[in-house]
Chemist: 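For reference, the structure I am asking about is given below.
Every chain is numbered from 1 and lettered A, B, ... according to where its sequence line falls, protein lines coming before strand lines. As the structure is a computational prediction, the values presented were derived from the model and not from experiment.
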Amino acid sequence: MNEGTKGLSVFETRKAIIEMLREEGVNPYPDRFERTHTLEEARSLPEGTPGVRVCGRLISLRKMGKLAFGHLQDISGKVQISVSVDSCGAEGFERFKKRIDIGDFLGVAGSMFRTRTGEITVAVNDYQLLGKSLRSLPEKWHGLQDVELCQRKRYLDLIMSEETRRRFLLRSRIVREIRSFLELHRFIEVETPVLCSQYGGANARPFITHHNTLDIDVYLRIAPETYLKRLIVGGFDRVYEFARCFRNEGSSPAHIQDFTMLEFYAAYWNYRDNLNFTRELLLTVLEKATGTTQCSFQGETIRFENPWRIVTFQDLIREHSGIDILEHPTKESLLKACNKSGIVLEDIDADRAAWATLVDSIYKKTCRPRLIQPTVLIGHPRALSPLARANDNHPEIADRFQIVVCGTEIVNAYSELVDPIDQRARLEEQARHRAAGDEEAMMLDEDYLEAMEYGMPPISGFGMGIDRFVALLAGEENIRSVVLFPLMRPEESSTNAV
RNA sequence: GGGUGGGUAGCUCAGCUGGCAGAGCAUGGGACUUUUAAUCCCAGGGCCGCGGGUUCGACCCCCGCCCCACUCACCA
């Protein structure tokens with residue numbers, strides 16, 4: 001067909017075709033195409049509809065002597081096209097066969113008809129190349145199977161996999177519905193710094209970089225919390241942010257270093273108000289984004305509409321390990337109880353770990369993996385929550401809740417600590433942990449403390465891992481499956497190219 | 001970081017006891033006016049992840065390294 005291209009690679013062959021096109025006066029990369037319908041819209045047009053102009057990527061092609069069928073694909077769907085000697089003329093058909101390849105972007109004009117096998121199809125009487133492809137697409141039947149390739153070349157995964165397209169469209173829809181629910185409830189969307197001279201709001205190690213002009217090291221935020229609370233001080237009494245956060249720590253199916261966290265803060269609410277709101281938020285978003293308030297995970301049906309079990313740390317740990325943490329108020333006593341119950345806490349530095357750290361690790365070890373249905377966990381030790389308000393009646397615990405689904409924390413929320421003097425004392429405590437070598441302990445943020453000293457109303461805040469939430473609703477076990485371009489080590493070829 | 005599995009053509013995958021590197025899709029040539037994993041005939045395409053070693057001979061065995069997935073540990 002294309003004389004003189006025998007033995008060349010696909011890439012070289014296609015480049016040769018581009019040269020031929022240019023010689024023929026055809027621009028292989030034109031600047032626009034007038035489209036009348038998306039492909040999904042075209043599919044529902046009645047037979048005989050004339051003047052249909054659609055476009056997309058040609059993803060399959062079946063050529064015969066005087067007739068060819070293929071499918072165009074766009075984000076809405078696919079539609080079959082037919083190009084023939086009858087509809088495009090002998091010359092037009094020959095040029096189609098010689099110059100158009102699978103993978104090309106193509107615009108066609110024609111009318112709708114139904115084939116013998118009943119498929120609605122565009123009978124093309126004119127076509128235009130809209131973007132020449134130089135590489136062959138992955139195998140049409142299996143698509144991209146290599147997980148590494150799917151992540152490195154997500155665009156190919158998206159071209160080849162309907163399931164992948166649906167997954168990322170779901171993510172967009174979830175974010176849209178969350179935003180719309182918050183807007184409906186008068187929350188104001190804001191953007192706070194990603195590059196910070198102080199980091200806080202969570203216990204995690206940050207990424208550090210350098211600001212050349214100011215000649216200071218700066219951190220990528222690990223959470224937006226203290227900035228959002230400064231805004232409450234400033235009078236924005238309901239704020240939220242979809243915050244890209246960065247934590248320089250290990251990766252796992254549930255952890256990625258560059259992730260998205262939704263945080264919102266509402267003045268005049270306590271954590272109970274927040275829990276009621278959160279339930280409404282999640283049920284509404286689920287219903288609107290997925291059409292149901294259930295999802296399925298590892299063969300289990302997760303029913304969000306059922307009443308969520310509310311359980312304290314103390315009761316939950318007692319239930320799963322037999323240990324009553326309040327009967328063991330010192331770490332020595334608690335460690336002894338663990339040994340007696342046969343709970344092995346490897347990698348816990350028994351000398352350095354505080355009582356609260358032990359509690360947390362007993363919970364993660366014995367309880368969290370078994371919390372499959374949505375569970376509201378309350379009664380966290382105050383020491384685990386340096387920015388949370390202590391309970392008025394039980395000052396050793398925090399007014400805080402977490403929502404755990406499928407063994408994963410989805411939501412973390414509390415009544416915020418708004419007392420600047422108490423906050424200073426707690427951050428000083430954290431600073432002592434830092435000095436003792438705990439890299440994840442929070443920094444003492446004078447600027448934040450000063451903001452608090454101007455006065456804060458009652459506040460309740462909320463944080464949710466968007467990637468985890470989406471993965472849950474998409475039935476994915478690895479959050480990388482719902483991140484378009486997860487960070488990976490660069491390939492050799494791309495490092496050499498520099 | 002530890003453990004397990006994987007890396008072979010652009011893609012999806014075979015590859016026997018260590019004995020010439022294979023198929024399908026894709027690509028090039030030919031036939032074909034209702035195909036849809038089109039079909040039929042022919043052809044081209046390989047740093048078997050990288051580097052050592054053992055061997056007459058290594059995709060295969062041994063050692064080291066790189067990348068990916070899962071898993072354990074820390075973190076959401």
Side-chain angles (χ1 to χ4, degrees), chain A residues 1-14 16-17 59-71 78 80-87 93 98 101-103 113-119 121 123 134-153 156 160 201-206 222-223 245-257 259-263 344-349 357 360-361 364-365 368 402 404 408-412 438-440 463-469 477-480 486 488-492 495:
Chain A
M1 284 185 200
N2 293 303
E3 310 73 14
T5 56
K6 189 179 179 197
L8 295 180
S9 67
V10 172
F11 193 85
E12 294 299 326
T13 305
R14 302 263 175 108
I17 291 176
I59 52 151
S60 66
L61 188 55
R62 298 168 290 281
K63 295 188 243 193
M64 282 157 281
K66 291 176 178 170
L67 171 69
F69 288 98
H71 277 90
K78 295 180 191 28
Q80 181 166 259
I81 60 170
S82 83
V83 177
S84 68
V85 168
D86 289 348
S87 64
F93 181 73
K98 284 182 190 166
D101 292 293
I102 292 174
F113 80 110
R114 206 169 282 279
T115 63
R116 277 178 206 166
T117 52
E119 179 163 354
T121 300
L134 294 177
R135 296 179 185 268
S136 55
L137 292 179
E139 211 260 347
K140 64 184 166 192
W141 196 237
H142 302 92
L144 263 199
Q145 293 295 320
D146 185 320
V147 180
E148 181 179 351
L149 273 184
C150 286
Q151 294 180 1
R152 284 192 195 279
K153 303 184 192 300
L156 288 180
M160 300 310 296
N203 296 338
R205 283 152 65 187
I222 57 174
C245 297
F246 306 86
R247 298 189 184 176
N248 206 343
E249 293 177 338
S251 65
S252 81
H255 298 87
I256 188 168
Q257 280 59 64
F259 66 104
T260 304
M261 187 152 64
L262 166 69
E263 288 200 3
V344 188
L345 302 171
E346 317 101 335
D347 294 331
I348 288 282
D349 184 340
T357 314
D360 191 44
S361 116
K364 283 174 180 166
K365 192 95 188 170
R368 195 172 69 184
Q402 283 183 315
V404 180
T408 305
E409 283 152 25
I410 297 292
V411 168
N412 182 27
D438 183 354
E439 285 182 83
E440 293 179 358
M464 176 163 84
I466 292 292
D467 313 276
R468 286 183 178 179
F469 185 58
E477 293 174 31
N478 191 327
I479 58 174
R480 279 150 208 276
M488 304 182 88
R489 267 183 214 282
E491 287 176 293
E492 272 177 42
T495 42

Chemist: Under 4.0 Å between any heavy atoms, over every strand shown, what does A/Gly465 touch: base, sugar-phosphate, or nothing? Just pick one.
Modeler: nothing
Chemist: For A/Met160, report the nucleic acid contact type (base, sugar-phosphate, nothing); a contact means any heavy atom under 4.0 Å.
Modeler: nothing
Chemist: Just the table, please: protein N/O against nucleotides 12-14 of chain B N/O, every pair under 3.5 Å.
Modeler:
from, atom 1, to, atom 2, distance (Å)
B/rU12, OP1, A/Gln145, N, 3.0
B/rU12, OP1, A/Asp146, N, 3.1
B/rU12, O2', A/His142, ND1, 3.4

Chemist: With a 4.5 Å cut-off on side-chain heavy atoms, are A/Asn248 and A/Pro206 touching?
Modeler: no
Chemist: How far, in whole Å, is B/rG46 from B/rA9 if one measures between their P atoms?
Modeler: 11 Å
Chemist: Rounded to the nearest 0.5 Å, how far apart are OG1 of A/Thr408 and CD of A/Gln402?
Modeler: 11.5 Å
Chemist: Calculate the interatomic distance between A/Met64 atom CE and B/rC32 atom C1'; express it in whole Å.
Modeler: 8 Å
Chemist: Specify the separation, in whole Å, of atom NZ of A/Lys66 and atom C1' of B/rU39.
Modeler: 18 Å
Chemist: It should be established whether A/Arg62 places a side-chain nitrogen or oxygen under 4.0 Å from OP1 or OP2 of nucleotide B/rA38.
Modeler: yes
Chemist: Is B/rC25 paired to anything, Watson-Crick or G-U wobble with both distances less than 3.5 Å, and if yes, which nucleotide?
Modeler: B/rG10
Chemist: In whole Å, what separates the P atom of B/rG19 from that of B/rA58?
Modeler: 11 Å
Chemist: What is the distance, to the nearest angstrom, from the CZ atom on A/Phe259 to the P atom on B/rC75?
Modeler: 13 Å
Chemist: Please determine if a side-chain N or O atom of A/Lys140 lies less than 4.0 Å away from the OP1 or OP2 oxygen of B/rG24.
Modeler: no
Chemist: Less than 4.0 angstrom between a side-chain N/O of A/Gln80 and OP1 or OP2 of B/rU34, yes or no?
Modeler: no
Chemist: How long is the span from the CD1 atom in A/Ile256 to the SG atom in A/Cys245, to the nearest 0.5 Å?
Modeler: 13.0 Å
Chemist: In whole Å, measure the gap between the P atoms of B/rC13 and B/rG7 for me.
Modeler: 10 Å
Chemist: Give one of base, sugar-phosphate or nothing for A/Lys78, where a contact means two heavy atoms less than 4.0 Å apart.
Modeler: nothing
Chemist: Does the side chain of A/Glu139 come under 3.5 Å of the side chain of A/His142 through a donor N or O and an acceptor N or O?
Modeler: yes
Chemist: Taking donor-acceptor contacts at under 3.5 Å, does the side chain of A/Ser84 reach the base of B/rU33?
Modeler: no
Chemist: For A/His255, is there any backbone N or O sitting under 3.5 Å from a side-chain donor or acceptor partner on A/Ser251?
Modeler: no
Chemist: Base, sugar-phosphate, or nothing for A/Ala254, non-hydrogen atoms under 4.0 angstrom?
Modeler: base
Chemist: Give the rounded distance in Å between these two atoms: CG of A/Asp86 and C1' of B/rU34.
Modeler: 12 Å
Chemist: In whole angstrom, what separates A/Glu148's CD from B/rG5's C1'?
Modeler: 15 Å
Chemist: Once hydrogens and angles are ignored, does a donor-acceptor distance under 3.5 Å link the base of B/rU27 to the side chain of A/Asp101?
Modeler: no
Chemist: Rounding to an integer number of angstrom, what distance separates B/rC48 and B/rC11 when you compare their P atoms?
Modeler: 15 Å
Chemist: With a 3.5 Å limit on both atom pairs, tell me what B/rA69 is paired to, counting Watson-Crick and G-U wobble, or say none.
Modeler: B/rU4
Chemist: Say you draw a straight line from CG of A/Leu137 to CG of A/Leu144; how long is it, rounded to the nearest 0.5 Å?
Modeler: 9.5 Å
Chemist: Using the P atom as the reference point in each nucleotide, state the distance between B/rA21 and B/rU34 in Å, no decimals.
Modeler: 44 Å
Chemist: Partner lookup for B/rG19, please. Criteria are Watson-Crick or G-U wobble with both distances under 3.5 angstrom; report none if nothing qualifies.
Modeler: B/rC56
Chemist: Kindly point out which of B/rC75, B/rU27, B/rC67 is positioned nearest to the side chain of A/Val10?
Modeler: B/rU27
Chemist: Got a sec: does the NZ of A/Lys78 have more than 12 other heavy atoms crowding it under 6.0 Å?
Modeler: yes
Chemist: Are any of A/Arg247's side-chain N or O atoms less than 4.0 Å away from OP1 or OP2 of B/rC75?
Modeler: no
Chemist: RNA chain B: A/Phe246 or A/Asn478, which has the more 5' nearest nucleotide?
Modeler: A/Asn478
Chemist: Could you tell me the separation between the CD1 atom of A/Ile102 and the P atom of B/rG10, rounded to a whole number of Å?
Modeler: 18 Å
Chemist: Measure from NE2 on A/His71 to C1' on B/rU34 and round the result to the nearest Å.
Modeler: 13 Å
Chemist: Suppose you measure atom P in B/rC70 against the same atom in B/rG10; what distance do you get, rounded to whole Å?
Modeler: 26 Å
Chemist: Quote, to the nearest angstrom, the P distance that separates B/rU71 from B/rU54.
Modeler: 40 Å
Chemist: When rounded to the nearest Å, what value does the distance between C1' atoms of B/rC47 and B/rU8 take?
Modeler: 12 Å
Chemist: Among B/rU35, B/rA69, B/rC67, which nucleotide has an atom closest to any side-chain atom of A/Arg489?
Modeler: B/rC67
Chemist: For A/Arg135, look at atom CZ and say whether over 12 heavy atoms of other residues, nucleotides or ligands are found less than 6.0 Å away.
Modeler: no
Chemist: How many Å lie between CG on A/Leu156 and C1' on B/rC25, as a whole number?
Modeler: 15 Å
Chemist: So what does A/Asp467 hit on the nucleic acid, given a heavy-atom distance under 4.0 Å: a base, only sugar-phosphate, or nothing?
Modeler: nothing
Chemist: With a 3.5 Å cut-off and no angle check, do the side chains of A/Gln80 and A/Arg62 form a donor-acceptor pair?
Modeler: yes
Chemist: What's the separation between atom CD1 in A/Ile410 and atom CE in A/Met464, rounded to the nearest 0.5 Å?
Modeler: 7.5 Å
Chemist: Does the side chain of A/Lys365 get closer than 4.0 angstrom to OP1 or OP2 of B/rA73 through an N or O atom?
Modeler: yes
Chemist: Classify the nucleic acid contact of A/Glu119 as base, sugar-phosphate or nothing, counting any heavy atom under 4.0 Å across all strands shown.
Modeler: base
Chemist: On RNA chain B, nearest-nucleotide positions of A/Leu61 versus A/Leu137: which is more 5'?
Modeler: A/Leu137
Chemist: When both hydrogen-bonding distances must be under 3.5 Å and the geometry is Watson-Crick or G-U wobble, what is B/rG45 paired with, if anything?
Modeler: none
Chemist: Given B/rC11, B/rA69, B/rC70, which nucleotide is nearest the side-chain atoms of A/Pro253?
Modeler: B/rC70
Chemist: So, A/Gln257 side chain and A/Gly250 main chain: donor-acceptor pair closer than 3.5 Å or not?
Modeler: yes
